[in-house]
Amino acid sequence: MGSRHFVIIGNGISGITFARHLRKGDEKARITVISGESPYFFSRTALMYVYMGQMKWEHTQPYEPFFWKKNRIDLKQAWVKSITFEAKALVFESGETLNYDVLVLATGSKPAFFGWPGQDLKGVQGLYSKQDLETMEAITSEPMERAVIVGGGLIGIEMAEMLTYKKIPVTFLVRENRFWELVLPDAEASLVHKHIREHAIDLRLGTELKEIISDAQGSVRAVITSTGEEIPCGFVGIATGVLPNVDFLRNTSLAIGKGVKVNAKFESSVPDVYAIGDCAEFEQPPGPGRRNLEQVWYTGRMHGETLAYNFCNTPVAYQPGIWFNSAKFFAIEYQTYGWVSPEPVSGVQDFFWEHRDGKVSFRMSLDQEGKVLGVLNLGFRLRHEFFDRAIREKWSGEKVMQELGKGVFDPEFYAPYHQEIQAAYQRHFGGKIVSSKKSFFHKLFGASQ
Ligand SMILES: Cc1cc2nc3c(=O)[nH]c(=O)nc-3n(C[C@H](O)[C@H](O)[C@H](O)COP(=O)(O)OP(=O)(O)OC[C@H]3O[C@@H](n4cnc5c(N)ncnc54)[C@H](O)[C@@H]3O)c2cc1C
């Protein structure tokens, strides 16, 4: 190992994980991390809590400022304007340049806008960066009769919760007929719809944004929806997905699709240039059922760890393991492990249980032989290790049920839902998985039945 200069563009979870693990494995490496957004790494997923006053900005920083000096990781706050790959040089917006031996692109995502008339008006924005948060804070601190959120996914529901917390009435436009249609099956989506409406949010399913109307000062005054309705509002939150933040890398020798094209070792088309995290696009999906883009927190961390490992050991291909994800829809926690289809799939059996209070549910998908493929739970927590193992080792549905008490995160804190789930499963299957070629779905209302 020599004393090469590793330059990382992006101080998010992927870039910082890479830097930390590289330092652990390579004493001599010179490491520089660049970000235009913030001087220090922060938890992007905590942005909403800063807005709601439940956390201070400094609490979103997992490491104290001295950590970087101690670990000899140089931080530079600046925007990179362009890269000359032939000269291995970055050019900053200030005109300054910096040379690298190895470059790691970890530039994250940006909100996706789809060319709506009026999308550039004041008061129309996405929520991704610290700067987005600051703008949202400034605009929504002014009195307004309503805000409109566009896009039925994780960031949309967060924005709706943030505004509701500040007592701003919210209309929530979801193009599809259910919230987070790409992920949530119908029953879970219905549960979440009820919960959203309980928070006095005007949820409009099957409704798209058509146009945003300006007032005389160039600020948003109203939106027009696909049904032709005009909804007066002072803020429009665009949450229609994210795209890899790679525009400044286009028109170079670097191969770019939606993101920076990489192989399973995160190598780009240019020697000594790598990409990790939200901005990386795998040439081949990294595993069965996986996508070419992985835009979540934990995969960013795994990308960073794997790439750092590869610089300190014999390089290996990225192995993403069993998929998992978690989020929160207002008070309802969401987790998923493995593969659960939002739509019925031939040959896949779904066991579904919903608690009588309508705020807790559990779904387990099984293959034709009754082996667990994945689970999706709302309103209570399951243990990662348990389900990772059950899915990896292809446990039968019965075995998962027998052991479920060990898979529940905190049975003392939550009601002992696992007992109700086990009872419902037992009642339905009589302890046996009934094999079926057709997908089916059962809604069982816990102990009340
Ligand atoms: C509001 C919100 C909530 C979320 N909640 C969840 C959640 O609950 N669970 C989950 O798994 N994921 C969640 N995510 C997604 C998750 O935060 C991202 O997947 C993750 O942060 C991506 O990390 P990254 O390291 O790839 O990039 P980023 O965190 O985006 O970091 C990239 C950095 O690079 C900087 N940069 C880019 N271009 C340049 C340039 N030219 N010059 C200098 N700097 C540059 C950017 O400004 C940024 O600071 C959420 C995202 C948002 C916005």
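None of the values given here were measured: they were computed from a predicted structure. Counting starts at 1 for both ligands and their atoms, in listed order. Sequence positions, counted from 1, serve as the residue numbers for this chain.
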> State the atoms of ligand 1, each with its element, that fall below the 4.0 Å cut-off from a heavy-atom position in Asn245.
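Listed by number with element: 37 (C), 38 (N).
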
> Between the main-chain N or O of Phe380 and the side-chain N or O of Asn377, is there a donor-acceptor pair closer than 3.5 Å?
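Answer holds: yes.
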
> Over all heavy atoms of both residues, which pair between Thr314 and Tyr309 is shortest? Give the atoms and the distance, please.
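Closest approach of Thr314 to Tyr309, heavy atoms only: O-CE2, 3.8 Å.
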
> Taking His355 for its side chain and Asp357 for its backbone only, find out whether a donor-acceptor pair lies under 3.5 Å.
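Indeed, once roles are kept as given, a pair shorter than 3.5 Å links the two residues.
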
> Which residue and non-hydrogen atom of the protein lie closest to atom 28 (P) of ligand 1, and at what distance in Å?
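The closest heavy atom on the protein side is Arg44 NH2, 3.4 Å.
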
> Would you say Gln119's side chain and Gly115's backbone share a donor-acceptor pair under 3.5 angstrom?
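Looks like yes, one N/O pair under 3.5 Å.
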
> Which residue supplies the protein heavy atom nearest to atom 44 (N) of ligand 1, what is that atom called, and how far is it?
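The closest heavy atom on the protein side is Gly36 N, 3.1 Å.
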
> Strictly by modelled atom types, are His5 and Thr32 linked by a side-chain donor-acceptor pair under 3.5 Å?
yes

> Can you report which non-hydrogen protein atom sits closest to atom 9 (N) of ligand 1, along with the distance?
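Answer, as residue, atom name and distance: Ser326 O, 3.9 Å.
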
> Keeping the roles fixed (side chain from Arg30, backbone from Arg4), state whether a donor-acceptor pair exists under 3.5 Å.
no

> To which of Thr45, Asn325, Thr299 does the heavy atom nearest atom 7 (C) of ligand 1 belong?
Thr45

> By number and element, which atoms of ligand 1 are closer than 4.0 Å to a non-hydrogen atom of Ile155?
52 (C), 53 (C)

> Below a 4.0 angstrom heavy-atom separation, can you tell me which part of Ala106, side chain or backbone, both or neither, approaches ligand 1?
backbone

> Any carboxylate oxygen within less than 4.0 angstrom of a Lys/Arg side-chain nitrogen, looking at Arg290 and Glu294?
yes

> Has Ser35 got any heavy atom lying under 4.0 angstrom from an atom of ligand 1?
yes

> Of Gln131, Met48, Lys76, Glu158, which has the heavy atom at the shortest distance from atom 1 (C) of ligand 1?
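Looking at heavy atoms only, Glu158 sits closest to atom 1 (C) of ligand 1.
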
> Hey, looking at atom 49 (O) of ligand 1, which of Glu93, Glu37, Met159 has the closest heavy atom?
Glu37

> Taking atom types as modelled, is there a side-chain donor on Tyr51 or Thr140 under 3.5 Å from an acceptor on the other?
yes

> So is Leu47 touching ligand 1 or not, going by heavy atoms under 4.0 Å?
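Flag not set, Leu47 not near ligand 1.
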
> At a 4.0 Å threshold, what atoms of ligand 1 neighbour a non-hydrogen atom of Asn11?
33 (C), 49 (O)

> Does the Arg301 side chain pair with the main chain of Ile13, one donor and one acceptor, at a distance under 3.5 Å?
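Looks like no, no N/O pair under 3.5 Å.
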
> Using a strict 4.0 Å threshold on nitrogen-to-oxygen distance, state whether Arg204 and Asp202 make a salt bridge.
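Looking at Asp202 together with Arg204, the answer is yes, because their closest N to O distance falls below 4.0 Å.
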
> Do me a favour and list the nearest non-hydrogen protein atom to atom 24 (P) of ligand 1 with residue, atom name and distance?
Ser14 OG, 3.5 Å

> What's the shortest distance from atom 45 (C) of ligand 1 to any protein heavy atom, and which residue and atom give it?
Trp79 CZ3, 3.6 Å

> Quick test: of every protein heavy atom, which one is nearest to atom 41 (N) of ligand 1, and how far off is it to 0.1 Å?
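Result: Val80 O, 3.0 Å.
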
> In terms of atom number and element, which parts of ligand 1 are under 4.0 angstrom from non-hydrogen atoms of Gln295?
19 (O)

> Hey, which atoms in ligand 1 end up nearer than 4.0 Å to a heavy atom of Gly12?
25 (O), 29 (O), 31 (O)

> What protein heavy atom sits nearest atom 22 (C) of ligand 1, and how far away is it?
Asp278 OD1, 3.2 Å

> Could you tell me, atom by atom, which parts of ligand 1 come under 4.0 Å of a heavy atom of Gly108?
26 (O), 27 (O), 28 (P), 30 (O), 32 (C)

> Between the main-chain N or O of Ser109 and the side-chain N or O of Tyr128, is there a donor-acceptor pair closer than 3.5 Å?
yes

> Heavy-atom distances under 4.0 Å decide this one: backbone, side chain, both or neither, for Lys81 against ligand 1?
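Contact part for Lys81 vs ligand 1: neither.
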
> Got a donor-acceptor contact below 3.5 angstrom from the Thr225 side chain to the Glu208 backbone?
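Not confirmed, Thr225 side chain does not pair with Glu208 backbone.
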
> Checking the side chain of Gln125 only, and the main-chain atoms of Met136 only, is there a donor and an acceptor separated by less than 3.5 Å?
yes

> Should you measure from each heavy atom of Ile13, which atoms of ligand 1 turn up under 4.0 Å away?
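Those of ligand 1 that fall under 4.0 Å from Ile13 are 23 (O), 25 (O).
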
> Closer than 3.5 angstrom, by distance alone: can the side chain of Thr84 be matched with the main-chain N or O of Ala87 as a donor-acceptor pair?
no

> Output the list of atoms in ligand 1 that are nearer than 4.0 Å to some heavy atom of Trp297, sorted by atom number.
10 (C), 11 (O), 12 (N), 17 (O), 19 (O), 21 (O)

> Scan Lys258, Arg291, Lys261 and name whichever one has a salt bridge (Lys or Arg N to Asp or Glu O under 4.0 Å) with Glu281.
Lys261

> Ligand 1 versus Ala78, non-hydrogen atoms closer than 4.0 Å: side chain, backbone, both, neither?
backbone

> Tell me which part of Val242 gets within contact of ligand 1: side chain, backbone, both or neither, using heavy atoms under 4.0 Å.
neither

> Just to confirm my output: which protein heavy-atom neighbour is closest to atom 33 (C) of ligand 1, and how far is it?
Gly10 CA, 3.6 Å

